[in-house]
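This report refers to the structure that appears directly beneath it.
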Amino acid sequence: MPTALITGCSSGYGLATARHFHARGWQVIATMRSPRPDLLSDGVRVLPLDITDAGSIARALDDAGAIDVLVNNAGLGLFGAFEATPMATVREIFATNTFGTMAMCQAAIPRMRERGAGALVNVTSSATLAPFPLVAAYTASKAAVEGFTGSLALELAAFGLRV
């Protein structure tokens, strides 16, 4: 049975993705900062994970064991005028949406390369498709993930990994 580790499963797309994979017979490891096993069906493993914390990432991947697919869904939204957004908030958005995704990939890639198989799925946003007002920092964080994902796909293709 293939195994998917999905980040950000406490709500929204992450929760829906975990339910989708589970309904199709996959072993699912649903991760979230504050574990809520009651959100998911029996048979879905729920693990704590803060994608901005290297120790948390290492513990979650160690606890998960071999995974076939990593779905990087965890993220933060941000809506508001950019000029009124503190740079500390912008850094927090990038720390989660961009650097957290990169950190998860960097931690999972060696494990997948060792097995000679695996797939990384990085969730971005429709906000990257066309400009929208009041989401500049959020859009920038997700656009960075898009560029990263495209380059990473080329980098890992030679190793049999899909991105």
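Computed from a predicted model, the values in this text were never measured in an experiment. As a basis for the values below, the full set of heavy atoms in this structure was taken, side chains included, without hydrogen atoms, waters or symmetry mates.
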Group every Ile, Leu, Val, Met, Phe, Trp and Tyr by side-chain heavy-atom contacts under 4.5 Å, then state whether Tyr13 and Leu15 land in the same group. no
Determine the minimum heavy-atom distance between Leu70 and Ala108, stating which atoms define it. CD2-CB, 3.8 Å
Straight-line distance of Cys9 SG to Arg36 CZ, nearest 0.5 Å: 13.0 Å
Could you tell me if the side chain of Val145 sits less than 4.5 Å from the side chain of Asn72, heavy atoms only? no
Return yes if some donor-acceptor pair links the side-chain N/O of Asn73 with the main-chain N/O of Val123 below 3.5 Å, else return no. no
For Ser125, is there any backbone N or O sitting under 3.5 Å from a side-chain donor or acceptor partner on Thr128? yes
Quick one: do Ile29 and Ile51 end up in the same hydrophobic cluster if we chain Ile, Leu, Val, Met, Phe, Trp and Tyr together by side-chain heavy atoms under 4.5 Å apart? yes
May I ask you to decide whether Asp62 forms a salt bridge with Arg111, counting only side-chain N to carboxylate O separations under 4.0 Å? yes
Begin with the C-alpha distance, continue with both residues' side-chain angles, and end with the deciding distance and a verdict on side chain to side chain donor-acceptor pair (under 3.5 Å) for Thr149 and Asn122. CA-CA 7 Å; Thr149 300; Asn122 295 331; 2.9 Å; yes
Are Val44 and Val69 connected in a single hydrophobic cluster, I mean Ile/Leu/Val/Met/Phe/Trp/Tyr linked by side-chain heavy atoms less than 4.5 Å apart? yes
Tell me, do Tyr138 and Asn97 make a side-chain contact under 4.5 Å, heavy atoms counted? yes
Between Ile57 and Ala107, which heavy-atom pair has the shortest distance, and what is it? CG2-CB, 3.6 Å
Could you point out which residue of Leu47, Leu61, Thr31, Asp50 forms a side-chain contact (heavy atoms from CB on, under 4.5 Å) with Ser56? Asp50
Joint cluster assignment, Ile67 & Leu49, ILVMFWY side-chain distance < 4.5 Å: yes
Decide yes or no for Met112 and Leu120: does some side-chain heavy atom of the first lie under 4.5 Å from some side-chain heavy atom of the second? yes
Would you find a donor on one side and an acceptor on the other, under 3.5 Å apart, between the side chain of Thr98 and the backbone of Ser141? yes
Between Asp68 and Ala119, is there a donor-acceptor pair closer than 3.5 Å when you use the side chain of the first and the backbone of the second? no
Looking only at heavy atoms, the pair that brings Pro35 and Val46 closest together is CB-CG1, 3.8 Å
Over all heavy atoms of both residues, which pair between Phe132 and Ser126 is shortest? Give the atoms and the distance, please. CE1-O, 4.0 Å
Over 60° means perpendicular and under 30° means parallel, so tell me whether Phe99 and Phe94 are parallel, tilted or perpendicular. tilted
Less than 4.5 Å apart, any side-chain heavy atom of Leu40 and any of His22? no
Same hydrophobic cluster for Val121 and Met102, using side-chain heavy-atom links shorter than 4.5 Å among ILVMFWY? no
